[in-house]
Amino acid sequence: MGGEHSVFALIKGGLTGHRSWARQWRDAAPKAAYDVVIIGGGGHGLATAYYLAKRHGLTKIAVLERGWIGGGNTGRNTTIIRSNYLYDESAALYDYALKLWEDLSQELNYNVMFSPRGVLMLAHSVHDVQSAQRHIHANRVNGVDNEWLTTAEVKAFCPPLNTSPDARYPVLGGALQRRGGTARHDAVAWGYARAASALGVDIIQKCEATGVRRDASGAIEGVETSRGFIKTRKIGVVAAGHTSLVMQMAGQSMPLESYPLQALVSEPVKPVLPCVVMSNTVHGYISQSDKGELVIGAGTDQYISYGQRGSFHVIEETLAAICEMFPIFSRMRMLRSWGGIVDVTPDRSPIISKTPVKGLYVNCGWGTGGFKATPGSGAVFAATIANDDPHPIAAPYALERFRTGRLIDEAAAAAVAH
Ligand code: FAD
Ligand code: PYC
């Protein structure tokens, strides 16, 4: 997997030669017209383009990215992958995605470093225990693996975790999804980009969508960009955090709010943490990357913003929580921190939908948890665009639910404070 592209190009590029390794797709200039234009070159937009070409045989596709591909939330997240959500609609979507992760490196011929090392969600109170067990039962009914571990079993599964009864919030047990884990986030963008490019998709970086043109009937006619007008009858908006701004260009307002969400990594150390650990009560989540860095994430800031950074007190509290759960890490140095902008819906579930505008489709609202869904989201959104008809897995995620009230309230399963 990766073959000549990975090891050889890494050596050629040297330690800072990241980009030469990454740039294995053709960087295209915009053409005058396309069958489909995807706005947003994150994992979801690139996956959508890939599946449009691969599964639906469309070839005249462009992905417009105003910065560089994967430079948004795709390259900023903590890479946790799991499918242990509560409701049937969520199990269908997230477990479909998880199954695609399992073969994604082979599918793309690119090592996305999917590592199903287990996601352990801790319980620190009677409420946590009941909620976790409700999720476990619901997951099992839907054929999604999830199991309860006692405190002793938690300790055996994750030895560095402090399970002392003297802790401020002692660990009372945990829900473990063994098939869950992590992947390398930017490799996902690069893998989809390379595979899509090989199928003829134009990936156009440094090209910002600045306007949407509609014809006399109101249908999509094209997109204005920082590099000129592009004609198309179909636009897929996949611009996480900035969806409302793009949709406003087509006169559509969205049920979304945008918040900063932060993460940080430590200096690299030898393998010490065998799984992903999440705690909603103490509030922090942590895993160890293959490079050895501890990857740590926070909750969202409590104010709306488009600034790709968050408040210091939020990561300060997160690190206090991590030290409380893992006193063994309290002397580690942090290497870098960053923020992304996530767009959040009223029910904390995504929107994958046609819109009232003919030819305009939207994929957004993944909030703090869309990385895990990348392959599934791309596949069902591609089908929705290609057929102008919602894919069965996407159908419950249509915009109509905010009118009908048929919400999919996954606030608890989101597992991250927001
Ligand atoms: P993005 O990768 O953000 O792509 C959208 C792209 O659209 C951007 O590259 C942007 O530049 C581009 N764009 C915007 N406006 C325009 C325009 N006008 N013209 C052209 N391009 C435009 N999810 C998980 O499942 N697990 C996690 O552990 C996890 N941790 C997270 C931690 C942090 C700190 C953050 C910020 C998010 C986390 N998430 C996690 C959420 C996850 O990262 C996102 O849901 C997911 O990456 C969204 O992917 P995307 O492709 O839709 O968005
Ligand atoms: O959705 O699992 C998740 C997640 C973890 C960290 C941020 N989001």
Side-chain angles (χ1 to χ4, degrees), residues 25 28 33-65 69-70 72-74 89 92-104 106-110 112 188-204 209 220 223 230 232-240 243 246-247 349-355 357-366 370-399:
W25 60 91
Y34 291 94
D35 291 338
V36 183
V37 170
I38 301 295
I39 299 178
H44 288 230
L46 292 162
T48 303
Y50 170 74
Y51 291 113
L52 276 169
K54 176 83 180 181
R55 295 189 176 179
H56 303 280
L58 297 176
T59 49
K60 291 178 68 185
I61 304 166
V63 178
L64 310 185
E65 168 52 52
I69 64 162
N73 290 340
T74 297
E89 296 86 345
L93 175 61
Y94 291 101
D95 212 55
Y96 175 57
L98 184 45
K99 287 182 181 131
L100 291 177
W101 277 111
E102 287 161 2
D103 296 326
L104 195 59
Q106 286 78 7
E107 163 92 25
L108 301 178
N109 188 26
Y110 200 106
V112 299
V188 176
W190 302 336
Y192 272 118
R194 190 181 70 162
S197 177
L199 293 171
V201 172
D202 278 359
I203 293 162
I204 307 167
I220 291 297
V223 52
I230 299 173
T232 185
R233 285 295 187 181
K234 287 188 174 180
I235 295 176
V237 177
V238 203
T243 315
V246 178
M247 292 296 282
S349 283
I351 296 168
I352 312 170
S353 188
K354 294 175 67 174
T355 72
V357 178
K358 188 170 163 43
L360 182 67
Y361 308 84
V362 66
N363 178 330
C364 63
W366 294 93
F371 177 69
K372 66 176 77 64
T374 305
S377 158
V380 302
F381 193 46
T384 303
I385 295 173
N387 304 325
D388 191 34
D389 195 31
H391 183 283
I393 291 178
Y397 294 94
L399 274 165

Any luck finding a side-chain donor-acceptor pair between Asn363 and Ser377 under 3.5 Å?
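Indeed, the side chains of Asn363 and Ser377 share at least one donor-acceptor pair under 3.5 Å.
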Shortest non-hydrogen contact from [X] toward [Y]:
X	Y	value
Val63	Gly45	CG2-O, 4.4 Å
Gly191	Leu108	C-CD1, 3.8 Å
Ala386	Leu58	CB-CD1, 4.5 Å
Ala97	Gly376	CB-N, 3.7 Å
Tyr192	Gly43	CD1-O, 4.5 Å
Pro396	Ile393	CD-O, 3.3 Å

Got a donor-acceptor contact below 3.5 angstrom from the [X] side chain to the [Y] backbone?
X	Y	result
Thr355	Leu360	yes
Thr74	Gly42	no
Thr384	His391	yes

Measure the [atom1]-[atom2] distance between [X] and [Y] for me, rounded to the nearest 0.5 Å.
X	Y	atom1	atom2	answer
Thr243	Ile351	OG1	CD1	8.0 Å
Leu52	Thr59	CG	OG1	11.0 Å
Leu399	Lys354	CG	NZ	12.0 Å
Tyr94	Glu89	OH	CD	11.5 Å
Arg233	Asp388	CZ	CG	13.0 Å
Ile69	Trp190	CD1	CH2	8.5 Å

Validation row: [X], [Y] side chains within 4.5 angstrom (heavy atoms):
X	Y	answer
Leu104	Thr374	no
Leu199	Tyr50	yes
Arg194	Tyr110	yes
Val112	Trp101	yes
Tyr51	Val380	no
Ile38	Val201	no
His56	Ile385	no

- Task: Could I get the full list of ring-ring contact (aromatic ring centres under 6.0 Å, His included) partners for Tyr361, not counting sequence neighbours?
- Result: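 If we apply the ring-ring contact (aromatic ring centres under 6.0 Å, His included) test to Tyr361, skipping adjacent residues, there are no hits.
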With sequence neighbours left out, the residues meeting ring-ring contact (aromatic ring centres under 6.0 Å, His included) with Tyr34 are none
Original post:
Using the benzene-type ring in the case of Trp, are the ring centres of Tyr397 and Trp366 under 6.0 Å apart?
Top reply: no
### Query
So, Asp35 and Lys234, do they make that salt bridge, N to O below 4.0 Å?
no
Residue pairs passing the salt bridge (Lys or Arg N to Asp or Glu O under 4.0 Å) test with at least one member in residues 372-382, sequence neighbours excluded, are none
ask   = Where do Leu93 and Ile352 land on the side-chain contact (heavy atoms from CB on, under 4.5 Å) test, with the steps shown first?
value = CA-CA 11 Å; Leu93 175 61; Ile352 312 170; 4.3 Å; yes
